[in-house]
Amino acid sequence: MATSESCAVETKTLPIQLPLDFSSIQSVPESHAWPESNEDQVENNGDGSLVLPIIDLNDPKAMELIGYACENWGAFQLKNHGISKSVIEELEVETKRLFDLPKEQKLKALRSRDNPTGYGTFWITPFFQQRMWQEGFTIIASAVQDAKKIWPNDYQRFCDAMKKFEDESRVLIEKLIHLSFKFLGISEEEEKNWVGPNNHAGAIQLNSYPICPKPENAMGIAPHTDTSIFTLLHQSQSSGLHIFKDGSGWFTVPLVPDTIVINTGDVLHMLSNARFKSALHKVSVNNVKHRYSMVYFYRPTMDQVVSPLVPKNNSDEEPRFRALTFKEYVGIKDKYLDKALSIVSIKED
Ligand SMILES: O=C(O)CCC(=O)C(=O)O
Ligand SMILES: [Fe+2]
């Protein structure tokens, strides 16, 4: 991974808020009550007519299928993704070991204004009045520093599990970049600027959603898009991720054994000149199972310039976004959240 300076997931300007001590909670407190959270949570795929694509990476048509999914959904579930079962198992064990600790223990690695890594609430929390039913742990570059604060003598297995997850995730995402760039007609020469150790920054986000006494009144994570190129996500124990499809509404991403969820983020949306969606997604909670998710974000480095790559191959198409460094985009997103993409878009006269 790159240095922490070059891939902050969290902002340095927003206030730090403490997660709730879920272990002692019997009801949803006022601070965490979302009266309307479920009003728009209608299932649209109940009749099975339209479901998030499940793609086999070994399919000879994988490139077209991935391109089609990115254009229409901004997301898909992937089979034969190459992330080993043992890596996922260790990741689950270590994530659970972390979040099962008493709150005081986790607070030893609480994020601060100057350090965007470690334990805390989801980064969009300050944008909402109500709080979310979630606690998280962010890893940038290396987990060692934060893990040592929590387990001074027993941090290595946590760090090893995270490193293996990151290494295999990176390999997979670079394959997906190759296929999706090819689909978009972006040259292999250009692709070299977006892959490899010096041209990306990775981050891991571990999320825990404890059992909630009144899930219809709570929100796991509020709707947002990721700032990444691609995001890779493993949902553990229970489904709960929902993706918004234009013209149709919210879809639940079911738990499908041996698949991993992939979604496109804001940067790929911009690179593709808005041909690929940046998937709007949110998380619901439940009253039966403690849910966990383990997420890997593949992002550019802070100094990389993001601008639409497609028009270079197609002179008829006007760029829809202005060129800016990734650092500038992260700053805009930290300030304006869901308005960020429209702020950097070039308005038609
Ligand atoms: O828990 C999930 O399924 C989604 C998490 C998420 O959206 C994120 O970490 O950005
Ligand atoms: Fe997300």
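All heavy atoms count here, side chains included; hydrogens, waters and symmetry mates do not. Atoms within a ligand are numbered from 1 in the order they appear, just like the ligands themselves. We count residues from 1, following the sequence as given.
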Visitor: Run the side-chain donor-acceptor check on residues 336-345: report pairs under 3.5 Å with partners two or more places apart or on a different chain.
Guide:
from   : atom 1 : to     : atom 2 : distance (Å)
Ser342 : OG     : Lys339 : O      : 3.2
Ser345 : OG     : Ser342 : O      : 2.9
Ser345 : OG     : Lys347 : NZ     : 3.3

Visitor: Would His242 and His281 count as a close aromatic pair, with their ring centres under 6.0 Å?
Guide: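 So the answer is no for these two rings.
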Visitor: What atoms in ligand 1 come closer than 4.0 Å to a heavy atom of Val283?
Guide: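 Once the distances to Val283 are compared, the set is 1 (O), 2 (C), 3 (O), 4 (C).
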Visitor: Might you work through the salt bridge (Lys or Arg N to Asp or Glu O under 4.0 Å) test for Asp146 and Lys108, ending with a clear yes or no?
Guide: CA-CA 8 Å; Asp146 289 314; Lys108 291 183 178 166; over 6 Å; no
Visitor: Should you measure from each heavy atom of Val295, which atoms of ligand 1 turn up under 4.0 Å away?
Guide: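 Per the distance check, 9 (O).
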Visitor: Between Val261 and ligand 1, which residue portion shows a heavy-atom distance shorter than 4.0 Å: side chain, backbone, both, or neither?
Guide: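 No part of Val261 is near ligand 1 at this cut-off.
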Visitor: Run Tyr68 and Trp73 through ring-ring contact (aromatic ring centres under 6.0 Å, His included) and show every step you take.
Guide: CA-CA 8 Å; Tyr68 175 83; Trp73 294 81; 9.0 Å; no
Visitor: Under 4.0 Å from a heavy atom of Phe122: give me the atoms of ligand 1 that qualify, with their elements.
Guide: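 The list of qualifying atoms is 8 (C), 9 (O), 10 (O).
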Visitor: Specify the protein heavy atom at minimum distance from atom 9 (O) of ligand 1: its residue, its atom name, and the distance to 0.1 Å.
Guide: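 Here the closest protein heavy atom is Asn207 ND2, 3.1 Å.
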Visitor: Between Phe321 and His269, is the ring centroid distance below 6.0 Å?
Guide: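 When the ring centroids of Phe321 and His269 are compared, they turn out to be within the sub-6.0 Å range.
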Visitor: Against ligand 1, does Lys282 come closer than 4.0 Å with any heavy atom?
Guide: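 Under 4.0 Å: no for Lys282.
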Visitor: What is the name of the N/O/S atom of His224 that is nearest to the Fe ion (ligand 2)?
Guide: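 Restricting His224 to its N, O and S atoms, the minimum distance to the Fe ion (ligand 2) goes to NE2.
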Visitor: Ring centroids only, cut at 6.0 angstrom: are His224 and Phe122 within range, meaning strictly under it?
Guide: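 Close enough - the centres of the two rings lie under 6.0 Å apart.
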Visitor: Under a plain distance cut-off of 3.5 Å, with no hydrogens placed, do Glu92 and His234 share a side-chain donor-acceptor pair?
Guide: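 Per modelled atom types, His234 and Glu92 side chains form a pair under 3.5 Å.
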Visitor: Provide the number and element of each atom of ligand 1 under 4.0 Å from a heavy atom of Gln205.
Guide: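 With Gln205 as reference, the close atoms of ligand 1 come out as 9 (O).
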Visitor: So, of the N/O/S atoms that Asp226 has, which is the nearest one to the Fe ion (ligand 2)?
Guide: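 Restricting Asp226 to its N, O and S atoms, the minimum distance to the Fe ion (ligand 2) goes to OD1.
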Visitor: Please identify which atoms of ligand 1 are closer than 4.0 Å to at least one heavy atom of Leu233.
Guide: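 Near Leu233, the atoms of ligand 1 are 2 (C), 3 (O), 4 (C), 5 (C).
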Visitor: Give a yes or no answer on whether the side chain of Glu168 reaches the backbone of Ser84 with a donor-acceptor pair at less than 3.5 Å.
Guide: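 Between the backbone of Ser84 and the side chain of Glu168 there is a qualifying donor-acceptor contact (under 3.5 Å).
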Visitor: Quick one: which ligand 1 atoms are inside 4.0 Å of a heavy atom on Asp226?
Guide: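 Result: 10 (O).
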Visitor: On a heavy-atom basis, I'd like to know which of Gln235, Arg291, His281 is closest to atom 3 (O) of ligand 1.
Guide: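 Considering heavy atoms of Gln235, Arg291, His281, the nearest to atom 3 (O) of ligand 1 sits in Arg291.
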